[in-house]
Amino acid sequence: MLKKSLSRGGRNDAGEASSSDGCGWLGNMEDEPDIPPVKQVVVAICAMEKKSGSKPMKEILTRLEEFEFIRTVIFPEEVILKEPVEKWPLCDCLISFHSKGFPLEKAQAYTDLRKPYIINDLDMQYDLQDRRVVYSTLQREGIELPRFAILDRDSKDPSKRELIEGEDHVEVNGVIFNKPFVEKPVSAEDHNIYIYYPTSAGGGSQRLFRKIGSRSSVYSPESRVRKTGSFIYEDFMPTDGTDVKVYTVGPDYAHAEARKSPALDGKVERDSEGKEVRYPVILSNAEKLIARKVCIAFKQTVCGFDLLRANGKSYVCDVNGFSFVKNSSKYYDDCAKILGNMILRELAPTFHIPWAIPFQLDDPPIVPTTFGKMMELRCVVAVIRHGDRTPKQKMKMEVRHPKFFALFAKYDGYKDGHVKLKKPKQLQEVLDIARGLLAEIEQKRADPETEEKKGKLEQLKSVLEM
């Protein structure tokens with residue numbers, strides 16, 4: 001079968017604008033005229049070239065192309081920036097997301113004009129650029145956040161721009177934050193986040209920024225907060241030195257990785273290929289629910305956010321919007337499969353595409369057998385440990401008393417460099433020494449070093465008397 005693609009808005013042989021819809025066509029040519037052509041859904045990527053041409057995007061688009069009824073196109077950056085939206089390529093499904101320099105308002109105008117199926121809501125991407133709105137949305141959805149207050153120096157309301165600074169604390173609009181605390185710019189595009197330390201820990205501040213080479217933060221002796229601009233102040237959360245990065249693909253899928261926190265020493269851990277080291281993380285049920293809530297609240301199918309695990313809870317400290325895992329074939333497979341099925345589930349009926357909804361990941365594995373349809377046992381996972389040995393009971397004790405060295409010499413310890421005492425008579429000799437030294441301690445005749453070993457000697461005596 002030959003493939004022929006014709007985009008909506010293309011031109012016919014006469015050079016006139018075509019009135020066909022946005023799908024491409026899959027069909028037989030002159031040799032099989034009786035079989036009608038099958039449409040393809042055109043999925044377009046509208047983003048800055050640095051994002052649309054990245055390795056993760058290429059990996060996912062390659063897998064999306066494996067769907068028989070999906071064709072992908074990438075809007076050139078020059079077209080996005082310079083051409084009016086009326087001249088942008090046509091599509092049936094749009095994957096578009098904001099990054100530095102991206103004209104989000106033009107993407108909105110395009111969706112208003114062409115009405116494609118949207119993967120990540122564009123209006124909500126304005127909210128993601130303002131940390132104040134992000135925190136307000138998270139609060140409204142009942143998602144745990146660090147305790148925070150907003151210092152809005154642009155507000156006309158004096159009660160929203162009150163700051164009193166002390167040596168080891170700040171008071172923001174009546175809310176007190178003791179050091180260490182975090183100071184974040186309200187703009188999500190500004191990654192210059194400062195952590196201020198108390199004088200008891202040496203004072204100063206750790207200044208975080210977007211990774212530059214192998215650095216993500218530097219220490220500064222400056223302990224005073226910034227006096228210009230609007231900021232969010234929040235409690236510093238004591239984690240185990242890692243941040244958890246969560247990536248959703250729809251409300252029912254979340255991939256999580258941990259990385260070394262930039263607040264530690266500012267040095268980025270990299271592997272032999274120069275990539276930042278990430279560690280796999282298993283999310284708890286509560287964290288999976290958080291991922292679902294974030295995805296739905298911000299209407300971002302593909303969405304990344306940051307979790308802090310502290311004090312037995314998980315807190316969301318940032319929502320990044322459209323974000324891909326950097327280096328995971330499993331994630332690329334899952335992401336493409338979920339997006340492809342989501343797109344076809346939405347658009348296949350509209351374009352009369354003969355596509356059947358496949359088994360989902362959570363569907364039970366039903367297979368036909370000679371006895372009818374039955375569930376298939378896919379694997380058995382077991383953790384097995386032999387049980388024919390009694391675990392060793394060990395006690396370690398450092399000895400310096402001459403009586404122990406005399407026993408060591410008695411059994412040729414100096415000859416072999418060690419000695420093993422297993423016989424009852426030998427162990428009795430050790431017990432006698434322990435009893436004798438404890439008696440000296442009780443009678444105040446022992447030297448100070450022996451007195452320090454009283455606890456260990458009592459333990460040794462108890463073990464040997466059992």
Side-chain angles (χ1 to χ4, degrees), residues 47-48 50-51 54 56 97-102 104 120 124-138 145-146 148-154 170 172 177 180-197 204-220 222 224-237 239 241-247 257-270 274-278 294 298 300 302-308 315-326:
M48 300 301 282
K50 184 178 179 181
K51 301 293 184 180
S54 66
F97 52 95
H98 178 266
S99 62
K100 186 176 181 181
F102 181 76
L104 188 55
N120 276 32
M124 290 297 292
Q125 291 184 34
Y126 282 108
D127 291 355
L128 290 170
Q129 296 175 49
D130 190 327
R131 288 192 173 99
R132 292 168 295 190
V133 182
V134 169
Y135 275 39
S136 174
T137 303
L138 292 171
L145 284 161
F148 74 96
I150 300 171
L151 179 68
D152 190 351
R153 288 195 170 100
D154 297 325
V170 290
V172 181
F177 294 90
F181 61 77
V182 182
E183 179 187 64
K184 295 179 177 179
V186 294
S187 171
E189 298 297 299
D190 188 343
H191 297 273
N192 295 296
I193 298 171
Y194 293 1
I195 301 170
Y196 294 91
Y197 299 121
S205 56
Q206 193 75 17
R207 305 192 168 192
L208 283 60
F209 45 79
R210 271 199 179 277
K211 291 191 289 286
I212 301 175
S214 291
R215 302 295 305 180
S216 58
S217 72
V218 294
Y219 174 78
S220 168
E222 180 58 59
R224 314 298 289 181
V225 300
R226 287 172 275 190
K227 297 301 187 290
T228 58
S230 298
F231 299 94
I232 294 176
Y233 291 87
E234 64 183 48
D235 288 332
F236 176 78
M237 307 306 293
T239 64
T242 59
D243 293 342
V244 178
K245 315 286 284 187
V246 183
Y247 303 86
E257 297 177 341
R259 67 166 185 182
K260 177 183 171 185
S261 172
L264 280 181
D265 58 9
K267 188 174 181 181
V268 180
E269 284 188 339
R270 297 192 182 276
K275 300 182 184 298
E276 184 178 23
V277 175
R278 299 286 179 98
V294 169
F298 292 95
Q300 304 296 297
V302 180
C303 186
F305 65 94
D306 297 346
L307 272 181
L308 297 176
Y315 303 85
V316 175
C317 64
D318 199 10
V319 180
N320 306 309
F322 197 98
S323 240
F324 279 148
V325 177
K326 299 297 185 291

TODO: Please name all residues satisfying side-chain contact (heavy atoms from CB on, under 4.5 Å) with Ala149, sequence neighbours left out, ordered by chain then number.
DONE: Val172, Val175, Phe177

Task: Spatial distance of atom CG (Asp130) from atom OG (Ser136) [nearest 0.5 Å] - done: 10.0 Å

Open item on the list: Using every non-hydrogen atom in the two residues, find where Tyr197 and Pro180 come nearest and quote the distance to one decimal.
Closed with: CD2-CB, 4.4 Å

Task: Derivation of the salt bridge (Lys or Arg N to Asp or Glu O under 4.0 Å) call for Lys211 and Glu276 - done: CA-CA 10 Å; Lys211 291 191 289 286; Glu276 184 178 23; 3.4 Å; yes

Open item on the list: Pair Asp318, Lys184 - check salt bridge (Lys or Arg N to Asp or Glu O under 4.0 Å), show working.
Closed with: CA-CA 10 Å; Asp318 199 10; Lys184 295 179 177 179; 5.9 Å; no

TODO: Please name all residues satisfying salt bridge (Lys or Arg N to Asp or Glu O under 4.0 Å) with Lys227, sequence neighbours left out, ordered by chain then number.
DONE: Glu165

Open item on the list: Applying side-chain contact (heavy atoms from CB on, under 4.5 Å), can you list everything that pairs with Arg215, at least two apart in sequence or on another chain?
Closed with: Phe209, Val218, Lys267

TODO: Decide yes or no on side-chain contact (heavy atoms from CB on, under 4.5 Å) for Leu128 and Gln300, but give the supporting numbers first.
DONE: CA-CA 10 Å; Leu128 290 170; Gln300 304 296 297; 4.0 Å; yes

Open item on the list: Is the shortest side-chain heavy-atom distance between Val186 and Asp152 below 4.5 Å?
Closed with: no

- [ ] Applying side-chain contact (heavy atoms from CB on, under 4.5 Å), name anything that partners Asp243, two or more places apart in sequence or on another chain.
- [x] Arg259, Ser261, Pro262, Leu308

Task: Phe324: ring-ring contact (aromatic ring centres under 6.0 Å, His included) partners, not counting sequence neighbours - done: Phe322

- [ ] Identify the two heavy atoms, one from Ala258 and one from Thr242, that lie closest to each other, and give their separation to 0.1 Å.
- [x] CB-CB, 4.3 Å

Task: By side-chain contact (heavy atoms from CB on, under 4.5 Å) - contacts of Gln129 (at least two apart) - done: His98, Leu104, Tyr126, Glu189

Task: Under the salt bridge (Lys or Arg N to Asp or Glu O under 4.0 Å) test, residues paired with Arg207 that sit two or more places apart - done: none

Open item on the list: I'd like to check Lys245 versus Asp306 (side-chain heavy atoms, cut-off strictly below 4.5 Å). Are they in contact?
Closed with: yes

Task: Any residue meeting side chain to side chain donor-acceptor pair (under 3.5 Å) with Arg224, in chain and number order, not counting sequence neighbours - done: none

Task: Shortest non-hydrogen contact between Gln206 and Ser217, atoms and distance - done: NE2-OG, 2.9 Å

Task: All salt bridge (Lys or Arg N to Asp or Glu O under 4.0 Å) counterparts of Lys260, not counting sequence neighbours - done: Asp265

Task: Residue pair Val319 / Cys303: nearest heavy atoms and the distance that separates them - done: CG1-SG, 3.9 Å

TODO: Please tell me if the side chains of Ile193 and Pro185 come closer than 4.5 Å, counting only heavy atoms from C-beta onward.
DONE: yes

Open item on the list: Quick check against the 3.5 Å criterion: does Ser205 have a side-chain atom that pairs as donor or acceptor with the backbone of Glu222?
Closed with: yes

Open item on the list: Whether the side chain of Thr137 engages the backbone of Val133 through a donor-acceptor N/O pair (distance < 3.5 Å, no angle test) should be reported.
Closed with: yes

TODO: Starting at CZ of Phe97, measure out to OG of Ser323 and round the result to the nearest 0.5 Å.
DONE: 9.0 Å

TODO: Rounded to the nearest 0.5 Å, what's the gap from CD on Glu257 to NZ on Lys326? Could you check?
DONE: 8.5 Å

Open item on the list: Using modelled atom types and a 3.5 Å cut-off, is there a donor and acceptor pairing between side-chain atoms of Glu183 and backbone atoms of Arg226?
Closed with: yes

Task: Shortest non-hydrogen contact from Asn120 toward Gln125 - done: O-NE2, 3.6 Å

TODO: Mind running side-chain contact (heavy atoms from CB on, under 4.5 Å) on Leu138 and Phe298 for me, showing each step along the way?
DONE: CA-CA 9 Å; Leu138 292 171; Phe298 292 95; 3.9 Å; yes

- [ ] Give the minimum heavy-atom separation between Ser230 and Arg153, together with the two atoms involved.
- [x] OG-N, 2.9 Å

- [ ] With sequence neighbours excluded, tell me which residues meet salt bridge (Lys or Arg N to Asp or Glu O under 4.0 Å) with Asp190.
- [x] none

- [ ] Could you pull out all residues at least two apart from Tyr196 that satisfy ring-ring contact (aromatic ring centres under 6.0 Å, His included)?
- [x] Phe181

Open item on the list: Any non-hydrogen side-chain atom of Leu307 less than 4.5 Å from a side-chain atom of Val316?
Closed with: yes

Task: Which residues share a ring-ring contact (aromatic ring centres under 6.0 Å, His included) with Phe148, sequence neighbours left out - done: Tyr135

Task: Val225 vs Tyr233 side-chain heavy atoms within contact, under 4.5 Å - done: yes

